[in-house]
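Notes follow the structure.
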Amino acid sequence: MKSIPYGRQNIDQKDIDAVINTLGADFLTQGPKVKEFEDKFADYIGSKYAVAVSNATAGLHISVLALGLKKGERVITTPITFAATANCVRYTGGEVWFADIDPNTFLLDIESVKQLIDSKPKGFFKGIIPVDFAGLPVNLEDFRELAEQHDLWVIEDACHAPGGYFIDSEENKQMCGNGNYADIGVFSFHPVKHIACGEGGMVTTNSLEVYNKLNLLRSHGITKDNMSENHGGWFYEMQELGFNYRLTDIQSAIGITQLVKNKVGVVERNRIADVYKNAFKGKIKYQDLPEGAFNAHHLFVIEVDDRKGLYDYLRACKVYAQIHYIPIHTLPYYKKIGYEDVDLTNAEHYYSKCISLPMYPTLTSKEQDFVIDKVLSYIS
Ligand SMILES: Cc1ncc(COP(=O)(O)O)c(C=O)c1O
C-alpha cells in the first residue's frame, strides 16, 4: 500500500489545460479569469459578491479591515481552528478572545460566546468569527441574532466548507459563505482544501459597501472609480492603505475547473464519511451532524484516548493522519502575549483526543478499508 495522506488535491487534464491556456493568453494576472472565477463562485454559493484573493489569510485580513476593526478592539473566535482565523485580528492590533467549543460538534459554542459577551460591559466586543470547522456549517442564524443584540459583525471562516449548508428556521438551505446571515464569508484554496489553486482564497459578501472596500484593500487601495479628480486616462487614486492580495489569472483558471469538480467532490466526501461512520459507530466518537446540516467534510475527525499512540501507529503504516488543531491560545506566540492562563476545557479535552483521518474524493475504497482496519485494530 502506498502512503495515504489526510488530504489531497484532485488535478485532472481539464485543470492542466485551463492553466496552460491561460499561460498563452493576454493576461496572467488582473485579467478576465479572475472575474469569471469570482462570478462562478458567487453563483455556486449564492452570495451577491465575491472577491478573489491570494489566500484566505489575506482574505481574513482585509475582511476585518473592511468591517472597520481597529487597534485594541476585541473579536471572539474559536481556539480550534487554524492560526490565521485569530491572526487576522492581531494584524490590526486587535485583541482575540476565545470562547469554548461544543464537545460534540467541535464548533464554536454559542452558549460559551454568550457567557463571554455577558461577562463584559456593552460594546466590549466588535465581532465574532465562527468557523465551519472540518466542513460542518455553523448555525449562522443563531449567531446573527446574537450579533444583532450586541451590535457585532460576523465573519464566517468557511475555509473548510465550500458546498456545506445548514437549514434555517424558515426551512431555507443556507450555503456556507452565502452572506445571508454573516457579513462576510472567507474560503481557502490551499491544495488540502476542496478547491486547489496552489494558494488562493475568496471573500464573499452581500453588501455592496463591504465589497467595494474589499476590492480596494486587495489592490493597494488603488482605484479608478469614484475619484475626487481625474487628470486623464492614466489617472488613478490610492484612497486607502491597501495590499497586493490579488489572485492571478493562472490560479483563477484552475479555480474555475476545480469549482466544477467540487459539486461531486462534496458528495463523494460525504459517502466516504458515511463509510467511516458505519465502521466506527458505537466504538469511536466522531463529529456530530446537527439536523439539517450538510457537512462539506474537509476533514473527518475522530476522538480516541491514546491519540499519540494511534498517530504514531498510523504513520508506521504510512497513513499520514493529522491533528486539527493545536488550540490557538496554547501556541507560543499567543502564550507570550498573555493567553498563558486561558482555560478552555472542551477545546483542550478535544485536542488531547482528536485525529483527522484521510478524507478526499480520490481516496479509494481499498485505501479507506486499510485505514479503518488499522484504526480499529489499534484501539481494540
Ligand atoms: C479554518 C482556516 N482558516 C484560514 C485558513 C488560512 O487559509 P490560507 O492557507 O488560504 O491562507 C485555513 C487554512 O488552513 C483554515 O483552515
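When a ligand or atom number is given, it counts from 1 through the structure's own listing order.
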Query - T81 neighbourhood, listing ligand 1 atoms whose heavy-atom distance to it stays under 4.0 Å - result: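 Taking each heavy atom of T81 in turn, ligand 1 has 1 (C) under 4.0 Å.
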Query - Which of the ligand 1 atoms, numbered from 1, are nearer than 4.0 Å to a heavy atom of G200 - result: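 Under 4.0 Å from G200, ligand 1 has these atoms: 10 (O).
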Relative to ligand 1, is [X] under 4.0 angstrom through side chain, backbone, both or neither, heavy atoms considered?
X	answer
D157	side chain
Y325	side chain
C159	side chain

Query raised in the report: G59: heavy atom below 4.0 Å from ligand 1, yes or no?
Result: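 No.
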Query raised in the report: Can a non-hydrogen atom of K193 be found less than 4.0 Å from any atom of ligand 1?
Result: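 Yes, K193 has heavy atoms under 4.0 Å from ligand 1.
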Query raised in the report: With a cut-off of 6.0 Å (strictly less than), are more than 12 heavy atoms of other residues, nucleotides or ligands near CD of E170?
Result: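 No.
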Among all protein heavy atoms in this structure, tell me which lies nearest to [atom], with the distance rounded to 0.1 Å.
atom	answer
atom 7 (O) of ligand 1	A56 CB, 3.2 Å
atom 12 (C) of ligand 1	F82 CD2, 3.6 Å
atom 16 (O) of ligand 1	H160 NE2, 2.8 Å
atom 6 (C) of ligand 1	T57 OG1, 3.5 Å
atom 9 (O) of ligand 1	S188 OG, 4.0 Å

**Report entry** Parallel, tilted or perpendicular: rings of F37 and F189 (30°, 60°)
**Finding:**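 Correct class here is tilted.
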With [X] as the cation and [Y] as the aromatic partner, state whether NZ or CZ is under 6.0 Å from the six-membered ring centre and within 45° of the axis.
X	Y	value
K173	Y165	yes
R315	Y320	no
R90	Y333	no

**Report entry** NE2 on H220 to CD on Q239, rounded to 0.5 Å
**Finding:**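 Reported to 0.5 Å precision, the distance equals 14.5 Å.
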Query raised in the report: Would you say the ring centroid of H329 lies under 6.0 angstrom from that of Y334?
Result: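 No, ring centres 6.0 Å or more apart.
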Query raised in the report: Quick check, are the ring centers of F124 and H150 under 6.0 angstrom apart?
Result: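 Centroid distance F124-H150: not below 6.0 Å, so no.
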Query - Nitrogen or oxygen of V131 less than 3.5 angstrom from that of ligand 1 - result: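 Min N/O separation from ligand 1 is not below 3.5 Å for V131.
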Query - Qualifying residue, where the test is ring pair (Phe, Tyr, Trp, His ring centres under 6.0 Å) with F300 and the options are Y360, F106, Y276 - result: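 Running ring pair (Phe, Tyr, Trp, His ring centres under 6.0 Å) over Y360, F106, Y276 with F300 returns exactly one hit, Y276.
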